[in-house]
Peer 1: 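Attaching a single structure in C-alpha cells format; questions to follow.
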Amino acid sequence: MTRSEFADYFNITQQRACYFFNCAALKSEEIKKKNKWHSYKGHMTDYTLEEIILVIECSEGNLPMIKGEILREEFDKYDHGGSVWDEKEENKYLDGMQKFLDSKQDQPCCETCQYLTGTRMQGKGSRIFPFCNFYNRYVGLPNNAVKNIFEDYCQTYVRCDPPYRIWYKGPTPAKVESSVRVRPLSPENE
C-alpha cells in the first residue's frame, strides 16, 4: 500500500498521512528507511501490511479502527510487492506531443518552425523548454501568446526540415538525451 492509497482509504489528506508515517518511523527502522525514499516520476514506495498496521496504531485513535480491521482482510488489493509504477504517468511527453508524433507532421506550427529550439530555464531543473530564437522568449507557457507549440504559430513562421525535437514533461531520459537532435538555425537566418 502506498501513502496516497492509505490517505484515500482513510479519507485523510496526504499531509496527515505523511505525519502518521513519520510517527511510525520512530518505532520502525524499515518505515524510517522507506520514508527517506523519494518518489519520482511514476514510482512510489510500497508499504507492507505489518508497516501499515503500525502506522494505524501510531495514529493515536485518529483513524477509524474498524476500517483498519477491514483493511487487514482486504490488503491483498493493495499489496504491490515492492515498488509501484503509476499508470497515469505513461504519457511522458509534453501535452500535444504524442498527437503531433502520430500525425503527418506537415501542419504549420511552432514545432515545425526553424526558429524553435530548446534551452534550460534558470532554476527549473534539467528539463529543456521550447524557446523561440526569433523573439528570444520561451513559448508554450501559459502567459505567452503561443500556448500550444503543436497548433499555434506566428507571422514569422518559416518551415524547417525534420527531425523535430521530442519535448518531455520532466527531465529528458538519459538514454534518449544523446539521440535528441537540435535544429540549428540556417546560416542565412542567423
Side-chain angles (χ1 to χ4, degrees), residues 1-102 118 120-130 138-144 147-152 166-177 180:
M1 177 176 247
T2 65
R3 270 191 261 184
S4 59
E5 288 173 339
F6 181 86
D8 289 343
Y9 183 81
F10 286 102
N11 198 20
I12 58 174
T13 64
Q14 296 280 345
Q15 292 83 2
R16 191 84 172 141
C18 188
Y19 172 75
F20 293 147
F21 277 86
N22 288 336
C23 290
L26 298 173
K27 296 182 179 180
S28 168
E29 281 298 316
E30 191 62 30
I31 293 176
K32 185 177 184 177
K33 185 172 87 173
K34 286 184 177 182
N35 283 351
K36 288 182 181 178
W37 295 347
H38 294 289
S39 295
Y40 53 89
K41 190 173 180 74
H43 177 266
M44 293 174 283
T45 306
D46 189 33
Y47 295 87
T48 64
L49 176 60
E50 293 77 25
E51 293 166 345
I52 294 297
I53 291 170
L54 182 60
V55 171
I56 293 170
E57 291 170 0
C58 291
S59 70
E60 300 168 353
N62 290 316
L63 297 175
M65 295 310 272
I66 189 72
K67 283 192 92 170
E69 294 299 322
I70 294 171
L71 181 61
R72 288 177 196 238
E73 305 293 322
E74 301 178 337
F75 193 77
D76 58 330
K77 294 181 192 175
Y78 300 103
D79 189 11
H80 305 292
S83 61
V84 182
W85 292 93
D86 188 1
E87 297 300 323
K88 293 180 277 189
E89 292 293 335
E90 65 187 27
N91 187 5
K92 60 186 179 220
Y93 300 123
L94 197 65
D95 293 337
M97 184 81 219
Q98 188 63 53
K99 183 179 174 186
F100 176 78
L101 292 173
D102 295 340
R120 286 179 169 78
M121 259 188 216
Q122 191 73 8
K124 292 286 186 179
S126 63
R127 178 177 160 207
I128 298 174
F129 291 85
Y138 293 96
V139 293
L141 300 175
N143 58 352
N144 291 2
K147 296 201 182 348
N148 188 337
I149 63 169
F150 306 105
E151 295 175 3
D152 303 336
I166 305 293
W167 302 101
Y168 295 93
K169 288 182 182 176
T172 305
K175 60 184 172 191
V176 178
E177 194 159 350
V180 174

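Position 1 is the first residue of the sequence; numbering continues from there.
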Peer 1: For a 4.5 angstrom cut-off between non-hydrogen side-chain atoms, does Ile149 reach Met97?
Peer 2: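 Not touching, per the 4.5 Å side-chain cut-off.
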
Peer 1: Between Phe21 and Phe6, how do the two ring planes meet: parallel, tilted or perpendicular, split at 30° and 60°?
Peer 2: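 Plane angle over 60°, so perpendicular.
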
Peer 1: Rounded to the nearest 0.5 Å, how far does CD of Glu5 lie from CD1 of Ile52?
Peer 2: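 Reported to 0.5 Å precision, the distance equals 9.0 Å.
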
Peer 1: So, using salt bridge (Lys or Arg N to Asp or Glu O under 4.0 Å) as the criterion, who are the partners of Arg72 when residues are at least two apart?
Peer 2: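 So Arg72 forms a salt bridge (Lys or Arg N to Asp or Glu O under 4.0 Å) with Glu69.
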
Peer 1: Is the shortest side-chain heavy-atom distance between Arg16 and Phe10 below 4.5 Å?
Peer 2: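 Counting from C-beta outward, Arg16 and Phe10 never come under 4.5 Å.
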
Peer 1: To the nearest 0.5 Å, how far apart are CG in Leu71 and CD1 in Ile66?
Peer 2: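 The CG atom of Leu71 sits 12.0 Å away from the CD1 atom of Ile66.
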
Peer 1: Excluding sequence neighbours, so at least two apart, what forms side-chain hydrogen bond (donor to acceptor under 3.5 Å, both in side chains) with Asn11?
Peer 2: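 side-chain hydrogen bond (donor to acceptor under 3.5 Å, both in side chains) check on Asn11 returns nothing, list empty.
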
Peer 1: From Thr2 OG1 over to Asp8 CG, what is the distance, rounded to the nearest 0.5 angstrom?
Peer 2: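 The CG atom of Asp8 is 8.0 Å from OG1 of Thr2, to the nearest 0.5 Å.
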
Peer 1: Who are the side-chain contact (heavy atoms from CB on, under 4.5 Å) partners of Glu29, not counting sequence neighbours?
Peer 2: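 For Glu29 the side-chain contact (heavy atoms from CB on, under 4.5 Å) partners, ignoring immediate neighbours, are Lys32.
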
Peer 1: Check whether any side-chain heavy atom of Trp167 lies under 4.5 Å from a side-chain heavy atom of Ile128, and answer yes or no.
Peer 2: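 Of all side-chain heavy-atom pairs linking Ile128 with Trp167, at least one is under 4.5 Å.
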
Peer 1: Is it the case that more than 12 heavy atoms not belonging to Tyr138 sit under 6.0 Å from its OH atom?
Peer 2: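 More than 12 heavy atoms, drawn from other residues, nucleotides or ligands, come within 6.0 Å of this atom.
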
Peer 1: If the condition is ring-ring contact (aromatic ring centres under 6.0 Å, His included), which residues does Phe100 pass it with, not counting sequence neighbours?
Peer 2: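 Applying ring-ring contact (aromatic ring centres under 6.0 Å, His included) to Phe100 gives Phe150, Tyr164.
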
Peer 1: Can you sort out the partners of Gln14 under side-chain contact (heavy atoms from CB on, under 4.5 Å), two or more places apart, ordered by chain and number?
Peer 2: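 Applying side-chain contact (heavy atoms from CB on, under 4.5 Å) to Gln14 gives Ser4, Ala7.
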
Peer 1: Which pairs count as side chain to side chain donor-acceptor pair (under 3.5 Å) when at least one residue sits in residues 51-68, sequence neighbours excluded?
Peer 2: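 Counting only pairs at least two positions apart or across chains, the side chain to side chain donor-acceptor pair (under 3.5 Å) contacts touching residues 51-68 are Lys34-Glu51, Thr48-Glu51.
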
Peer 1: Enter the distance from Glu30:CD to Tyr47:OH here, rounded to the nearest 0.5 Å.
Peer 2: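 If I round to the nearest 0.5 Å, the distance is 10.0 Å.
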
